[in-house]
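Shown next, in structure tokens, is the structure this report addresses.
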Amino acid sequence: MQYLEIFIENQVKLVGTSFILGLIFGAGYDIIRITTILCGLVSFAGKKPVERKGFLPFCVRFFVDLSWAAVLSVSFAVFVYAANDGQFRWFIAASAIGGFALWEAGPGRLVTEAARLLSRFLRALFRAAVIVPGAAVLRFFCRILSLIWRATGEKAERRIRRARAIGRTEKFRRRLAKDVPFCGEEGTGI
């Protein structure tokens, strides 16, 4: 009878610890979800997530989810080997899935909503602190460069073009002088 009590006590501990492990898995996936929301790969405008279209966002999400699944599998296998001497029991997986589902139904939704709001706030802050002033600074530097160009480069370019045009004209005049004699000979009308 004592063996049965120890066996049931171990099973209850396994159920509890695997349930906690499922909660940890849910929290870990929320970390991944937060990063994908902050990176702009996924947005939660309504109830359903809206994923960014394209090959690169798909590949990033695919490999992030694949690596999370690999880490989850290894972690669960290590847990089973450490907690139950490597003997897989269906109730261990069921309680881990239950912990994950409970996390996703409760705190997971709150974390997703908080991540969405944080993402909107950070994007607005980035836009107000970096993009808008950066665009103004860029316009300012472009105007300064334009003034500098007009004062120096444009004048130099005009002089270079004029010198080239004069050189071409002189070259053409010399060639014309060789081809057409202007000294009162035949065909000049003098």
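Shown here is R158, whose CZ atom has more than 12 heavy atoms of other residues, nucleotides or ligands within 6.0 Å. In the displayed structure, R52 atom CZ is contacted under 6.0 Å by at most 12 heavy atoms of other residues, nucleotides or ligands. Atom CZ of R120 sits in a sparse spot, with 12 or fewer heavy atoms from other residues, nucleotides or ligands closer than 6.0 Å.
Remark: E9 engages K13 in a salt bridge, criterion side-chain N to carboxylate O under 4.0 Å.
For the pair F121/L117, no side-chain contact is recorded, criterion being any heavy-atom separation below 4.5 Å from C-beta on. Taking the side chain as every heavy atom from C-beta outward, F91 and S18 never approach each other to under 4.5 Å. With a 4.5 Å cut-off on side-chain heavy atoms, L41 and E51 do not count as touching. Here the side chains of R159 and R162 are not in contact, with every heavy-atom distance at 4.5 Å or above. Looking at heavy atoms from C-beta onward, L145 lies out of side-chain contact with W149 at the 4.5 angstrom threshold. With a 4.5 Å cut-off on side-chain heavy atoms, F126 and L122 do not count as touching.
The OG1 atom of T152 sits 10.5 Å away from atom CG of L147, with the distance rounded to the nearest 0.5 Å. Summarising the geometry, atom CG belonging to N84 is positioned 9.5 Å from atom OG1 belonging to T17; distances are rounded to the nearest 0.5 Å. To the nearest 0.5 Å, atom CD of residue E170 and atom CD1 of residue I166 are 8.0 Å apart. Note that OG of S95 and CG of L14 are 8.0 Å apart. Values are rounded to the nearest 0.5 Å. Interatomic distance, CD of Q87 versus OH of Y81, reported as 10.5 Å (0.5 Å rounding).
For the side chain to side chain contact (heavy atoms under 4.5 Å, CB included) criterion with Y29, the lone passing option out of L72, D65, I34 is D65.
Here the side chain of S73 pairs a donor or acceptor atom with the backbone of A69 at under 3.5 angstrom. Remark: side-chain polar atoms of S146 are not paired, donor with acceptor, to backbone N or O of C142 under 3.5 angstrom.
Under the 4.5 Å side-chain heavy-atom criterion for Ile, Leu, Val, Met, Phe, Trp and Tyr, V15 and F25 are members of the same hydrophobic cluster. Taking hydrophobic clusters as Ile, Leu, Val, Met, Phe, Trp and Tyr residues chained together by side-chain heavy-atom distances below 4.5 Å, F76 shares a cluster with I32. The hydrophobic clustering, which links ILVMFWY residues whose side-chain heavy atoms are closer than 4.5 Å, places I24 and I92 apart. By the rule that hydrophobic residues join a cluster once side-chain heavy atoms approach within less than 4.5 Å of another member, W90 and F19 end up as members of separate clusters. Grouping the Ile, Leu, Val, Met, Phe, Trp and Tyr side chains by contacts below 4.5 angstrom, directly or via other members, places L125 with L38.
A tilted orientation is assigned to the rings of W68 and F100, their planes being inclined by 30° to 60°. Ring-plane geometry between F58 and F62 is classed as parallel, the angle between the planes falling under 30 degrees on a 0 to 90 degree scale with a further cut at 60.
Between the side chains of T169 and R173, not a single donor N or O lies within less than 3.5 Å of an accepting N or O.
For the residue pair R109 and E104, the shortest heavy atom distance occurs at CG-O, 3.5 Å. Among all heavy-atom pairs drawn from V132 and A128, the shortest one is CB-O, 4.4 Å. Closest approach of I37 to A115, counting heavy atoms only: CG2-O, 3.8 Å. For the residue pair G108 and D30, the shortest heavy atom distance occurs at CA-OD2, 3.2 Å.
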Intermediate values then yes/no, side-chain contact (heavy atoms from CB on, under 4.5 Å), R116 and E113: CA-CA 5 Å; R116 186 184 67 81; E113 184 64 24; 2.4 Å; yes
E157/R161 under salt bridge (charged side-chain N to carboxylate O under 4.0 Å, His left out): CA gap, chis, key distance, verdict: CA-CA 6 Å; E157 182 184 14; R161 283 185 186 169; 2.7 Å; yes
